[in-house]
Student: 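One structure follows; several queries about it will come next.
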Amino acid sequence: MLTDVFFECLKHDGIVSVASVTPEDEAHIANTWNKYLIVTEDERILIPCYGFRKTERNAAEHPRLALTLGSHEVEGHRGMGTGFLLTGTAEFRKDGALFEQMHAKCSFANRVLIFTPDSCRQTL
């Protein structure tokens with residue numbers, strides 16, 4: 001499901017936004033950077049968490065998330081820059097192999113957000 005252009009985008013500087021839904025049905029956005037993400041062989045996306053407390057609380061009640069990311073350094077559909085919108089489900093862990101993999105890359109992470117995408121659409 002994840003394309004070559006998606007993986008190329010991750011190699012470059014860019015912001016990642018993670019959108020969850022609050023119990024009041026409002027959007028909540030948390031951010032990180034492309035360089036921190038790890039994509040597993042089965043295409044789950046690992047996101048390091050130091051904050052993300054509200055996102056974690058929201059996901060406990062409503063695990064569906066939207067994730068956007070992009071980079072101005074990768075050519076997209078309409079010229080310079082590309083971006084993606086992914087939807088899927090979230091799980092947070094503070095131990096186990098996936099947490100250890102993330103913590104080895106980002107020592108600041110005290111948890112890992114495991115995002116399992118069910119769609120990935122290039123938007124730019």
Side-chain angles (χ1 to χ4, degrees):
M1 169 187 350
L2 303 178
T3 66
D4 291 341
V5 177
F6 175 85
F7 285 104
E8 185 63 28
C9 190
L10 288 184
K11 295 177 187 176
H12 298 276
D13 287 339
I15 193 165
V16 177
S17 296
V18 178
S20 62
V21 177
T22 71
E24 298 78 31
D25 288 329
E26 295 178 2
H28 172 74
I29 308 293
N31 296 300
T32 191
W33 302 105
N34 289 356
K35 67 181 180 179
Y36 293 144
L37 302 187
I38 297 172
V39 180
T40 65
E41 287 184 20
D42 60 356
E43 294 193 335
R44 290 183 289 173
I45 299 172
L46 308 182
I47 301 170
C49 298
Y50 182 77
F52 280 75
R53 298 290 182 185
K54 190 168 187 175
T55 304
E56 185 173 12
R57 286 192 304 272
N58 294 342
E61 285 191 40
H62 185 50
R64 300 250 343 128
L65 299 181
L67 186 148
T68 63
L69 61 88
S71 176
H72 70 279
E73 298 178 37
V74 179
E75 184 152 343
H77 294 306
R78 296 174 190 95
M80 190 171 181
T82 193
F84 291 86
L85 168 64
L86 296 89
T87 59
T89 56
E91 175 187 355
F92 286 79
R93 290 189 194 162
K94 59 183 178 180
D95 54 23
L98 295 176
F99 169 76
E100 293 301 328
Q101 183 180 2
M102 177 49 68
H103 194 262
K105 180 174 184 173
C106 300
S107 61
F108 62 84
N110 56 22
R111 295 162 353 279
V112 62
L113 164 53
I114 303 163
F115 178 77
T116 304
D118 55 35
S119 73
C120 177
R121 182 171 57 94
Q122 188 173 349
T123 57
L124 292 172

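These numbers come from the heavy atoms of this one structure, side chains and all, not from hydrogens, waters or symmetry mates.
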Student: Measuring from Thr32:OG1 to Leu37:CG, what's the distance to the nearest 0.5 Å?
Tutor: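 Output value for this atom pair is 6.5 Å.
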
Student: Considering all heavy atoms of both residues, which atom of Ala59 and which atom of Phe92 are nearest to each other, and what is their separation?
Tutor: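 That closest heavy-atom pairing would be CB-CE1, 3.9 Å.
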
Student: Search all heavy atoms of Lys105 against all heavy atoms of Lys35 and return the closest pair with its distance.
Tutor: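 In this case the closest contact between Lys105 and Lys35 is NZ-O, 2.9 Å.
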
Student: Is a side-chain N or O of Thr82 found less than 3.5 angstrom from the main chain of Leu124, in a donor-acceptor match?
Tutor: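 Indeed, once roles are kept as given, a pair shorter than 3.5 Å links the two residues.
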
Student: Any chance you could measure Phe84, atom CZ, to Thr123, atom OG1, to the nearest 0.5 Å?
Tutor: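 Here the interatomic distance stands at 7.5 Å.
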
Student: What's the spacing between Phe115 CZ and Thr89 OG1 if we round to 0.5 Å?
Tutor: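 These two atoms lie 7.5 Å from each other.
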
Student: Between Thr87 and Asp118, does a side chain to side chain donor-acceptor pair (under 3.5 Å) hold up when you go through it step by step?
Tutor: CA-CA 6 Å; Thr87 59; Asp118 55 35; 3.0 Å; yes

Student: For a quick test of reading the model, state the closest non-hydrogen atom pair linking Gly14 to Trp33 and the distance between them.
Tutor: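 So the minimum-distance heavy-atom pair works out to O-CE3, 3.3 Å.
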
Student: Is Lys94 atom NZ crowded by more than 12 heavy atoms from other residues, nucleotides or ligands, each under 6.0 Å away?
Tutor: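 No - once you tally the heavy atoms of other residues, nucleotides and ligands closer than 6.0 Å, there are 12 at most.
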
Student: Rounded to the nearest 0.5 Å, how far apart are NE2 of His103 and CG of Asn110?
Tutor: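 That separation rounds to 8.0 Å.
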
Student: Under the side chain to side chain contact (heavy atoms under 4.5 Å, CB included) criterion, do Leu86 and Leu2 qualify, and how do the steps go?
Tutor: CA-CA 10 Å; Leu86 296 89; Leu2 303 178; 3.9 Å; yes

Student: Give a yes or no on whether the backbone of Met1 and the side-chain of Glu43 come within a donor-acceptor separation of less than 3.5 Å.
Tutor: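 Yes.
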
Student: Short question: side chain of Arg64, backbone of Ser20 - any donor-acceptor pair under 3.5 Å?
Tutor: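 No, the answer is negative, given that no donor and acceptor are paired below the 3.5 Å cut-off.
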
Student: Can you tell me how far the NE2 atom of His28 sits from the CZ atom of Phe52, to the nearest 0.5 Å?
Tutor: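 CZ of Phe52 is found 8.0 Å from NE2 of His28.
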
Student: Given the side-chain rings of Tyr50 and Tyr36, with only the six-membered ring counted for Trp, is the space between their centroids under 6.0 Å?
Tutor: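 Ring centres of Tyr36 and Tyr50 not closer than 6.0 Å.
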
Student: Run the side chain to side chain donor-acceptor pair (under 3.5 Å) test on Asn58 and Thr22 for me, step by step, so that the C-alpha distance in whole Å, both residues' side-chain angles and the decisive distance to 0.1 Å come before the verdict.
Tutor: CA-CA 5 Å; Asn58 294 342; Thr22 71; 5.5 Å; no

Student: Okay, side chain of Asn34, backbone of Gly70: is any donor-acceptor separation there less than 3.5 Å?
Tutor: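 Between the backbone of Gly70 and the side chain of Asn34 there is a qualifying donor-acceptor contact (under 3.5 Å).
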
Student: Return the minimal non-hydrogen interatomic distance between Arg111 and Gly51, and the atom names on each side.
Tutor: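 For Arg111 and Gly51, the tightest heavy-atom pair comes out as NH2-O, 2.6 Å.
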
